[in-house]
Every structure is written in structure tokens, then in C-alpha cells.
A.B. asks: 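The following block contains the structure, expressed as C-alpha cells.
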Amino acid sequence: MDFERHAYDVVVVGAGGAGLRAAIAAHEAGARTAVVCKSLLGKAHTVMAEGGIAAAMGNAWPEDGWRVHFRDTMRGGKMLNHWRMAQLHAQEAPDRVRELEDWGALFDRTPDGLISQRDFGGHRFARLAHVGDRTGLELIRTLQQRTVALGVDVFMECTVTRLLTDDEGVTGAFGYWRESGRFVAWEAPSVVLATGGIGKAYKVTSNSWEYTGDGHSLALQAGAGLVNMEFVQFHPTGMVWPPSVRGILVTESVRGDGGVLRNSAGNRFMFDYIPDYFRKETAETEDEADRWYDDKKNNRRPPELLPRDEVARAINSEVKAGRGSPHGGVFLDIASRRPAEYVRRRLPSMYHQFKELADVDITAEAMEVGPTCHYVMGGVEVDPDTAAAGVPGLFAAGEVAGGMHGSNRLGGNSLSDLLVFGRRAGAAAAEHAAKRSGLVALAEEALTDAARAALAPFEREGGENPYTVQQDLQQTMHDLVGIIRTAPEMEQALTRIAALRERVAALSVEGHRQYNPGWHLALDLPHLLVVSECIARAALEREESRGGHTRDDFPAADPEWGRTNLVCSRAADGAVTVARRPLPQMPPELAEVFEEAP
Ligand code: FAD
């Protein structure tokens, strides 16, 4: 078939933090490297990150160190995290931040000139390195400049639709240019998936159009497993009003910097929702909580800074009990607690976001907020040290990879995750490619098949439009596989997903291949459906409540499930299967960390 072809050692799919960090590492290891991304370079989700990068640098608290960060991360994930990933992450994050600084990132400073670190939920010490509330922008700017300066090839506005494999593993990838609709293929012995998450499977989300679960689905199709898919993080504070901006994130830094949550009666309701698991380290009274901001040594943390799953469930309960705000959220108040100048300086993006999108001045009035689908803990099952997925030559890093965050991610731990494992994935991908150099070739039949599949929506006539199918899927996931779940609802969701699959197989798109968003969505929909099915199947199987998975019919955490992972795979007939696997065992010297004082 006649279309554009390229040959590289390593192809990185995704140009967020994980993809760019992987590309830099692969290039530095001597691999001919390309990055492919759906949108313009610099437009990934990473750029939207506000709060900061979690790293136990000890700048704000000399007592901080990797062991405390490791402990916080495991406890935040309710001990379901892959211990080795959590260990590597905590140990290596400080070096990754310092390296960014060496490459030109300008972090906020402490009065004595160190990188400033801020408080975030679930972290024992203030440890988020940040740049105001625009940390992701600085991170992506720095990585992007370095990637381009090193001479890594970038394919922008180009979507990968298939991974190509032979009996030995990965041989490359296939995709199309979004603008022209023309096809392109990359021959490469190593492919790194860095495609981010799945937020667009849900109706209310902080994620943008790019998060359609492509990498999760491509990996599954190529034969890799997806672990922990039942765990979806609903960030407690998204905008709820006006409807056009519902779901847009309100950073946790608002609470870290003194903001509190109140219900319609004006009560700081989080004090009513402190779980026993976190009671020892959480303030019991408003006075103690307020003192903590000035004297963190002698006071415990406010309950507003409990891990996200706890806060999201509490907000959900308040709204359900009829104590919500006028537009179905609760109030987040920093106006009555901090001077206007402080709020504008510490939270400039939030100030402008509310002013411009909701006509609310957050220095004078409370915000209305509610849970929004934010992050998927589940993802491609990888080897912790190399980020290698089950298929030789396939690697995954960043949000698309699973295991690191267990059942719930702590804020700030994603930016550090993608730096630590992006680098590891890039280096391992280069090493694998060096061994397979000259041994891979693209099979013509596989290319023809990929092209035929991509063009299928044009071949059908009179079918449904892809947007209505997406809306129905988002409503299904919102209503039936959301924050609180039950078996009958998830069974209903699976029936609906099966019906949606038939509708996708029959839908048609109009027009031609040049910049045709309807066609693009038609190609994204099978990815969204398969990740939604994985979430629903795994969530139905896990009969307990833990982290980002709450079952109304099994409200308690179950110790047996605390030793069990669920892994989704694709059977030969294309069906999604879910298998139970024992959780990797933590070595005794690491288990000792949990005996140490909180
Ligand atoms: P991304 O940065 O999303 O990049 C994905 C890339 O993959 C994009 O380039 C996309 O175009 C590309 N892609 C996807 N599919 C394809 C395909 N089929 N073909 C080609 N390219 C493809 N985390 C923190 O740690 N701290 C924070 O303060 C923080 N704040 C956040 C605020 C917001 C509003 C949001 C949404 C998230 C926040 N997070 C934060 C989470 C964090 O930003 C993300 O988890 C992280 O940036 C994901 O990075 P990534 O490199 O894995 O993916």
C-alpha cells in the first residue's frame, strides 16, 4: 500500500510529561527516536497540571525523605500499589525535579532560595515543588525545549490507531495525520505508550478531548494486561456551574493554602467524615486544623486534606443528604480565610478561571465545587524497573501505566510518576531496540488491515453519528459506574456497553478525510468502549470498597481483596476477561516503614 513510512528505534506515542521524558532518555541512550501526538506539541494534559510535583526533597521539612513519601503513597493507595514502583518513585523523584531545574525550569523559591514545597492531601509533609498553580506548564515547557533541542523528531496532530506486532513482539505503529487524513506507519522495535488517561468515558471530567483511553486499548489489543482498572479517581473539587464548564478542575492547592469545604448550613462537614484509618493524623477540631497552617509540628492536618477518595465521597454524601450548594455541589471557601492579595498571588489561575468562566471573584465569595472524573489509577501492567509491558518491545509510562498508585493516587504523584517512569521507559526501550535493530519489518497485510479498519466508517451509509454514541456512553458510565457502585447497576452498564458496541460497528461518518472530527471520534470510540468495559467488569468483580472504588453493596474494605489485583486481558475472540492475581509481596525491610511514627 502506498503511504508515508518511517523507521526508528523507538517510537513514543504521546507528548505529555511521560512521553517527552521517555523520548529524552531514549535519545540520550543513542536510539533514533520519534514522538507522535494527537494534538499540538505542548498541548498534552501535563500542561494543565496545577498543584505541583511531589518529591521528598526535604526543603520545607528536613524530616521528609523517600521512606515517608513511600509510606504516604502506599497508604493513599490503600496498600494496593505495586511496592517496587512506589519505592522507585519516592527514591528518584527528587533527582528528577533537580534535573528539570538544571534544564531551565524556574520553580517558586523558599526565602533562603531552595525550591519551595507546598502541602497536598495525603502527604505527611509539604513536598510539592511548584510554579504558582501553573506547574505543568513549566514542566512541559522545559521538557519540550530539551526534546526539540536534542533533535528528536516530532509528529504533531497525528493519531496512532494500531500497534503492529509479529511473533517476536512489537514491529511498529500505524496512524493518520489529523489534518490531511493520510496514513502513516512507523517501523520500530520499541514503542513507548505515554497516551495518558480515559476521562472522556465519563460525562463530568477534568480531562480534555484527548483522553479517550487509546493507549490502554492499543496495549490490550497487542496482548498486554491492564491492572487495577476498577480504580478511577474522582477529584473532589471540579467546577459545577455554569454547565458549560462543569468538571473543570479546581486545584487541591486551594485547600492546601487554607480553603475549607462547607455545606449549605455553613458547616465544615469534613470533620464528620474522618475515617479511622486516618484519624491519628487528622485534626479533630476546627481550631487545631486552623493552627496547623502556621504550626505543622504541633498540630494535625485539616480533614479537608484527606486523600481525594475520602473527600469526594464526603461531598457526594452531603449533596445527597440535601445539604449541597444551589447548583449541586458544596462550597469551597478561601475568601473568608485568606487576604485577597494572598489568593491572587498563590492561585492566579484559579482566580482567573472563576472570574472568566463563572463570574465569581474567589477573593470575595465561595466557589461551588463537586466531584469530577480526573485520573485513572488502572493501566498497562508493567515491570517496575523497565516499564516493559507483557509484549516484547512495548513499554508504558505515565497515566497509561498501572500499579504505581494502587487504588487511589495522591495529588502531585502523577507529575513525579511520569518523570521517574518516563525516563526508565525511554532507557529500557532504547536498550531493547539495540538488541532488535534490523530484525523488524512491517507486514503489508497488517498495514492494509489497519487502513481498511480506519476507513470503515466512510464505507457505511445512513448509520448513526458518533457524537450521540459518545454521549450515551458518558451518561452510562456517569450513572452506573461512577463514584458509588452496585452490582445491578454495573451489570446494566455492561449490557448497555455491549449495545453501544453494536452501534459503533454500524455508525457512519460523512465528508472526506481532511480534518474530519466526526471520523476522528469514530476511531476513538472503540477505545473508549473497551476501557469502559474493563472498568465495569473489574468493578463488578471487586466485591469490596477501597480507594477510588466504592461499592454500596460491599461498603467495607476486605483484607483478602487487599492481597488481590485484577488484570483485564483480551481473549482470542476479542472478549475482555478479568483474572485475579496475588499482589506482589513487599520485602520485610520495606514493610518496616509502616511501623515508623506517622
Ligand atoms: P498527557 O500529558 O495527557 O499526554 C498524553 C499524550 O498522548 C498527548 O500528547 C496526547 O496527544 C497523546 N495521545 C493520546 N492518544 C494518542 C494517540 N492515539 N496517538 C497519538 N498520540 C496520542 N498531577 C500532578 O501530579 N500534579 C498536579 O498538580 C496535577 N494537576 C492536574 C490538573 C488537571 C486539570 C488535570 C487534568 C490533571 C492534573 N494532574 C496533576 C494529573 C496529571 O497532569 C496527568 O496525570 C499527567 O499529566 C499525565 O501525563 P502523561 O504524560 O501520562 O499524559
Side-chain angles (χ1 to χ4, degrees), residues 11-23 35-55 93 118 120 128-131 133-137 139-140 143-144 154-163 173-178 184 186 191-200 205-218 233 235 237-239 247-253 256 349 353 372-377 379 396-401 404-405 409-419 421-422 425 520 523-524 527:
V11 169
V12 179
V13 188
L20 293 179
R21 190 63 193 82
V35 175
V36 188
C37 56
K38 262 182 173 181
S39 53
L40 291 170
L41 188 61
K43 287 281 182 196
H45 262 88
T46 304
V47 81
M48 294 158 75
E50 294 158 356
I53 311 171
R118 68 158 41 118
F120 243 52
L128 266 71
H130 57 98
V131 185
D133 55 3
R134 295 177 181 139
T135 312
L137 178 63
L139 188 149
I140 213 84
L143 292 180
Q144 192 178 308
V154 179
F155 295 75
M156 284 196 268
E157 298 204 285
C158 198
T159 300
V160 169
T161 59
R162 278 253 173 116
L163 293 179
F174 175 92
Y176 66 92
W177 290 102
R178 295 174 73 81
V184 50
W186 299 266
V191 171
V192 179
L193 292 172
T195 48
I198 58 93
K200 280 295 171 192
T205 176
S206 64
N207 293 182
S208 79
W209 62 271
E210 283 172 83
Y211 263 13
T212 46
D214 302 11
H216 289 76
S217 156
L218 292 171
Q233 181 167 81
H235 193 290
T237 60
M239 292 178 82
I248 291 185
L249 194 76
V250 180
T251 175
E252 193 167 320
S253 317
S349 298
Q353 181 174 310
T372 177
C373 173
H374 184 56
Y375 185 89
V376 63
M377 273 66 74
E399 192 167 339
V400 70
M404 160 66 208
H405 305 285
R409 173 179 73 90
L410 294 186
N413 269 1
S414 173
L415 294 187
S416 38
D417 162 4
L418 56 85
L419 291 171
F421 295 104
H520 302 168
L523 299 184
D524 292 342
H527 300 315

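Start at 1 and go down the list; that is how both ligands and their atoms are numbered.
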A.B. asks: State which residues pass ring-ring contact (aromatic ring centres under 6.0 Å, His included) with His216; sequence neighbours excluded, sorted by chain then number.
C.D. replies: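 Listed in chain order: nothing, the list is empty.
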A.B. asks: Report the residues that fulfil ring-ring contact (aromatic ring centres under 6.0 Å, His included) with Phe120, sequence neighbours left out, ordered by chain and then residue number.
C.D. replies: none
A.B. asks: Assess whether side chain to side chain donor-acceptor pair (under 3.5 Å) is satisfied between Ser208 and Lys43, documenting all intermediate values.
C.D. replies: CA-CA 10 Å; Ser208 79; Lys43 287 281 182 196; over 6 Å; no
A.B. asks: Identify, chain by chain and in numerical order, each protein residue with a heavy atom under 4.0 Å from an atom of ligand 1.
C.D. replies: Val13, Gly14, Ala15, Gly16, Gly17, Ala18, Val36, Cys37, Lys38, Ser39, Ala44, His45, Thr46, Met48, Ala49, Glu50, Gly51, Gly52, Cys158, Thr159, Val160, Ala194, Thr195, Gly196, Ser206, Asn207, Glu210, Tyr211, Asp214, Leu249, His374, Tyr375, Gly398, Glu399, Arg409, Gly412, Asn413, Ser414, Leu415, Leu418
A.B. asks: Checking Asp417 against His405 for the side chain to side chain donor-acceptor pair (under 3.5 Å) test, could you report, in this order, the C-alpha distance in whole Å, the side-chain angles of both residues, the deciding distance, and whether it holds?
C.D. replies: CA-CA 9 Å; Asp417 162 4; His405 305 285; 2.8 Å; yes
A.B. asks: Does His45 have any ring-ring contact (aromatic ring centres under 6.0 Å, His included) partners at least two apart in sequence or in another chain, and if so, which?
C.D. replies: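 His45: ring-ring contact (aromatic ring centres under 6.0 Å, His included) contacts with Tyr211.
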A.B. asks: For Tyr375, is the NZ or CZ atom of Arg409 found under 6.0 angstrom from the centre of its six-membered ring and inside 45 degrees of the ring axis?
C.D. replies: yes
